[in-house]
S.K.: 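Pasting in a structure now, in structure tokens, and then I'll have a few things to ask.
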Amino acid sequence: MLDLQFVCENRAAVEENCRNRGVPIDLTQLVSLADRRRQLIASGDQLRHEQKDLSGQIPKAPAADKPGLIARGKELREQITQTEAELVTVEEQLRLEQAQIPNMTHPAAPIGLEESESITAREWGTKPKFDFKPLDHVELMAKLDMVDLEAGTKVAGHGFYFLKNAGALLELALVNFAVEKLRSEGFTIFTTPDLARDEVLHGTGYMPRGPETQIYSVHNTDLSLVATAEITLGGMFKDEILDYAKLPLKVAGISHCFRTEAGGRGKATRGIYRVHQFTKVEMFGFTAPELAASDEFHEMVVRIEEEIFQGLEIPYRVLDICTGDLGGPAFRKYDLEAWMPGRGEAGEYGEITSASNCTDFQARRLAIRTRVPEKKGTQFVHTLNGTAVACTRAMIAILENHQQADGSVIVPPVLRKWMGMDRITPPAA
RNA sequence: GGAGAGGUGGCAGAGUGGCCGAAUGCGCCGGAUUGCUAAUCCGGUAAUCGUGAAAACGAUUCGGGGGUUCGAAUCCCCCCCUUUCCGCCA
């Protein structure tokens with residue numbers, strides 16, 4: 001969420017930003033609610049001040065004066081109750097209005113509403129040329145006996161799967177590879193809860209239990225399955241004041257990710273590209289509340305993502321995401337898209353990572369602050385998140401890019417120590 | 001799951017209706033002093049909201065919510081969390 005005072009004082013800029021992002025918004029209501037809130041706080045403060053003063057006089061007052069003072073006290077109590085009740089209502093409405101407003105946007109982010117208006121910042125690697133018709137990951141995994149989609153459907157429904165044989169090993173190898181990389185970069189590694197309180201989901205900008213939610217919730221509890229470890233990693237320092245000297249904090253989480261993918265049917269649903277559950281290693285950062293600090297962290301996150309996929313020898317491109325395609329909390333976002341030879345007619349790019357700088361947008365709702373030397377009070381830290389490895393997508397890219405004419409797949413050298421094999425071949429019958 | 005104990009400032013820990021935003025200790029910051037890797041002494045040291053250019057002033061906050069009262073950290077009710085013992089268990 002944005003700072004209320006900031007929104008009121010920079011109304012035109014906020015409205016323009018919303019237009020750039022394709023978010024319809026009218027700030028009139030918000031501004032008048034903010035005014036009303038201020039009035040109510042002022043009169044409430046004044047009434048309470050008088051009440052405090054009065055109740056201090058009562059024990060010392062002559063007996064004859066007491067009934068009058070007590071009567072006045074009762075009157076004040078009623079006025080205060082009334083004022084506070086209205087304030088609660090106003091603040092509730094205000095919160096709803098505020099929640100609609102997306103983060104501001106990095107001045108360098110490309111402006112545009114269509115996905116196609118994102119800019120390709122750079123490309124890496126050479127797309128493989130095959131002297132045979134390349135298979136897609138579904139066919140490859142079937143031939144290599146790496147997945148059981150039917151069993152997944154039987155047990156949990158469409159969008160669930162059993163990884164099997166080299167499939168299961170490949171998932172673990174990817175997790176290990178990412179963890180090794182992140183440790184060398186100074187990240188503290190966590191396995192995190194796969195469920196979180198709705199309050200934490202809201203804090204990180206996810207909306208459980210709505211009509212269009214992407215989130216699975218557990219009935220009769222305030223818990224939901226996490227869509228990413230971003231939620232739990234962001235939530236772990238909720239309401240805390242972080243030591244400025246220890247920033248930036250680099251943490252990484254291994255978790256399962258659960259997504260309903262409501263309305264996601266139709267495009268690219270084949271195989272394990274879009275699934276309801278997958279395993280992911282996620283980076284998360286808390287930086288000093290300065291754009292220079294979070295910008296630098298953002299570049300580092302993208303660099304690590306690129307080095308991971310360079311290690312896996314996957315051709316990819318980096319997209320600087322345009323304003324219309326940024327999520328609400330993101331100030332700027334870079335996606336990595338891997339070349340997937342089995343997608344579409346002759347191969348297509350598919351999203352494999354996403355790295356966002358959320359500036360203080362998440363931190364404000366989560367109340368994660370720091371004390372900046374020489375500055376009064378506390379300030380909200382900046383938070384960032386980025387995918388190290390989303391296993392299913394990474395597996396697709398590996399299988400389709402490294403497939404051989406005989407249907408086997410060469411294992412990227414960096415994974416071999418965990419896979420225990422150089423090449424994935426069909427298991428002996 | 002059963003029985004008990006407890007949630008107060010960065011930490012520890014007092015406080016059972018007005019003199020309590022809160023003793024004391026530790027930590028931290030500033031200063032004094034001492035020729036010595038330290039001790040001692042003095043002072044300062046919460047967050048949030050509102051008004052204000054600022055200094056400052058006011059309000060709120062003792063796990064959360066509700067109640068009693070002129071007045072609640074303190075009394076009553078509900079909830080949450082932590083912890084100890086027992087049971088069960090990967």
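Convention: sequence-line order gives letters A, B, ...; per-chain numbering from 1.
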S.K.: Between side-chain atoms of residues 38-47 of chain A and protein atoms elsewhere (two or more places apart, or another chain), which donor-acceptor pairs fall under 3.5 Å?
M.R.:
{"from": "A:Gln39", "atom 1": "OE1", "to": "A:Arg36", "atom 2": "NH1", "distance (Å)": "2.7"}
{"from": "A:Ser43", "atom 1": "OG", "to": "A:Gln39", "atom 2": "O", "distance (Å)": "3.2"}
{"from": "A:Ser43", "atom 1": "OG", "to": "A:Leu40", "atom 2": "O", "distance (Å)": "3.4"}
{"from": "A:Asp45", "atom 1": "OD1", "to": "A:Arg48", "atom 2": "NH2", "distance (Å)": "3.1"}

S.K.: Could you state the CG-C1' distance from A:Leu4 to B:G50, rounded to the nearest angstrom?
M.R.: 12 Å
S.K.: For A:Leu54 and for A:Ile41, find the nucleotide of RNA chain B with the closest heavy atom, then tell me which residue's nucleotide is more 5'.
M.R.: A:Ile41
S.K.: With a 4.0 Å cut-off, would you call A:Glu351 and A:Arg393 a salt bridge?
M.R.: no
S.K.: Between CZ of A:Arg364 and CD of A:Gln379, what distance do you get to the nearest 0.5 Å?
M.R.: 10.5 Å
S.K.: Please state how far atom CG in A:Asp243 lies from atom C1' in B:C28, giving the value in whole angstrom units.
M.R.: 11 Å
S.K.: Show me the donor-acceptor pairs, under 3.5 Å and distance only, between side chains in residues 413-421 of chain A and residues at least two apart or in other chains.
M.R.:
{"from": "A:Arg416", "atom 1": "NE", "to": "A:Val411", "atom 2": "O", "distance (Å)": "2.8"}
{"from": "A:Arg416", "atom 1": "NH2", "to": "A:Val411", "atom 2": "O", "distance (Å)": "2.8"}
{"from": "A:Lys417", "atom 1": "NZ", "to": "A:Glu180", "atom 2": "OE2", "distance (Å)": "2.7"}

S.K.: Could you work out the separation of B:A47 and B:U82 based on their P atoms and round it to a whole Å?
M.R.: 27 Å
S.K.: Considering only atom C1', compute the distance from B:A56 to B:A39 and round it to an integer number of Å.
M.R.: 39 Å
S.K.: Could you point out which residue of A:Val147, A:Val155, A:Leu149 forms a side chain to side chain contact (heavy atoms under 4.5 Å, CB included) with A:Phe162?
M.R.: A:Val155
S.K.: What is the separation between atom CD1 on A:Ile241 and atom P on B:C11, rounded to the nearest whole Å?
M.R.: 10 Å
S.K.: Round to the nearest Å and state the distance from A:Ile368 atom CD1 to B:A47 atom P.
M.R.: 18 Å
S.K.: Have A:Asp360 and A:His382 got a donor and an acceptor in their side chains that come within less than 3.5 Å?
M.R.: no
S.K.: Ignoring the backbone of A:Arg77, work out which of B:G71, B:U48, B:G18 is nearest its side chain.
M.R.: B:G71
S.K.: When the C1' atoms of B:C62 and B:G4 are considered, how many whole Å apart are they?
M.R.: 24 Å
S.K.: Whole angstrom is fine here: how far is it from CZ in A:Arg371 over to C1' in B:A46?
M.R.: 7 Å
S.K.: Return the stems involving RNA chain B, sorted by first number, where pairs are Watson-Crick (N1-N3 with N6-O4 or O6-N4) or G-U wobble (N1-O2 and O6-N3), both under 3.5 Å, and runs are 3 or more long.
M.R.: B:1-7 with B:80-86, B:10-12 with B:24-26, B:27-32 with B:40-45, B:46-51 with B:56-61, B:63-67 with B:75-79
S.K.: Can you measure A:Asp53 atom CG to B:G18 atom C1' for me and round it to whole angstrom units?
M.R.: 13 Å
S.K.: Mind checking what makes ring-ring contact (aromatic ring centres under 6.0 Å, His included) contact with A:Phe237, not counting sequence neighbours?
M.R.: A:Phe286
S.K.: Detail all sub-3.5 Å separations between protein N/O atoms and N/O atoms belonging to nucleotides 59-61 of chain B.
M.R.:
{"from": "B:A59", "atom 1": "OP1", "to": "A:His49", "atom 2": "ND1", "distance (Å)": "2.9"}
{"from": "B:A59", "atom 1": "O3'", "to": "A:Arg48", "atom 2": "NE", "distance (Å)": "3.2"}
{"from": "B:A59", "atom 1": "O2'", "to": "A:Asp45", "atom 2": "OD1", "distance (Å)": "2.9"}
{"from": "B:A59", "atom 1": "O2'", "to": "A:Arg48", "atom 2": "NE", "distance (Å)": "3.0"}
{"from": "B:A59", "atom 1": "O2'", "to": "A:Arg48", "atom 2": "NH2", "distance (Å)": "3.1"}
{"from": "B:U60", "atom 1": "OP2", "to": "A:Lys52", "atom 2": "NZ", "distance (Å)": "3.1"}

S.K.: Which residues, if any, of residues 66-75 of chain A bring a heavy atom under 4.0 Å of RNA chain B?
M.R.: A:Ile70, A:Gly73, A:Lys74
S.K.: Can you tell me the distance, in whole Å, between the CG atom of A:Leu47 and the C1' atom of B:C49?
M.R.: 16 Å
S.K.: For nucleotides B:C78 and B:U24, find the distance between their C1' atoms and express it as a whole number of Å.
M.R.: 35 Å
S.K.: My understanding is that only one of A:Asp145, A:Leu144, A:Asp148 makes a side chain to side chain contact (heavy atoms under 4.5 Å, CB included) with A:Asn165; could you say which?
M.R.: A:Asp145
S.K.: Quick one: salt bridge (charged side-chain N to carboxylate O under 4.0 Å, His left out) pairs with a partner in residues 167-177 of chain A, sequence neighbours left out?
M.R.: none
S.K.: Without decimals, in angstroms, what is the distance between A:Glu92 CD and B:G65 C1'?
M.R.: 14 Å
S.K.: Going by the rule ring-ring contact (aromatic ring centres under 6.0 Å, His included), which residues pair with A:His298 if we only count those two or more places apart in sequence or in a different chain?
M.R.: A:Tyr334
S.K.: OP1 or OP2 of B:U48 less than 4.0 angstrom from a side-chain nitrogen or oxygen of A:Arg369, does that happen here?
M.R.: yes
S.K.: Looking at every heavy atom in both A:Gly234 and A:Leu366, which two are closest together, and how far apart are they?
M.R.: O-CD1, 3.5 Å
S.K.: Residues two or more places apart in sequence or in another chain: which of them pass ring-ring contact (aromatic ring centres under 6.0 Å, His included) with A:His402?
M.R.: none
S.K.: Which residues pass the ring-ring contact (aromatic ring centres under 6.0 Å, His included) test with A:Tyr316, sequence neighbours left out?
M.R.: A:Trp124
S.K.: Name the residue closer to the 5' end of RNA chain B, choosing between A:Gly56 and A:Gln5 according to the nucleotide with the nearest heavy atom.
M.R.: A:Gly56
S.K.: Considering only atom C1', compute the distance from B:A14 to B:C20 and round it to an integer number of Å.
M.R.: 12 Å
S.K.: Tell me the salt bridge (charged side-chain N to carboxylate O under 4.0 Å, His left out) pairs involving residues 278-288 of chain A, sequence neighbours left out?
M.R.: A:Lys280-A:Glu282
S.K.: Expected output is a numbered-order residue list: members of residues 27-40 of chain A with a heavy atom under 4.0 Å from any atom of RNA chain B. What is it?
M.R.: A:Arg37, A:Arg38
S.K.: Rounded to whole angstrom, note down the C1' distance from B:G87 over to B:A73.
M.R.: 37 Å
S.K.: For the P atoms, the ones on B:G17 and on B:A32, what distance do you get once it is rounded to whole angstrom?
M.R.: 46 Å
S.K.: Determine whether the side chains of A:Arg423 and A:Ser408 contain a donor N or O and an acceptor N or O closer than 3.5 Å.
M.R.: yes
S.K.: Taking the minimum atom-to-atom distance to the side chain of A:Arg197, which one of B:G18, B:A47, B:C81 wins?
M.R.: B:C81
S.K.: Between B:U8 and B:G25, how far apart are the C1' atoms? Round to whole Å, please.
M.R.: 15 Å
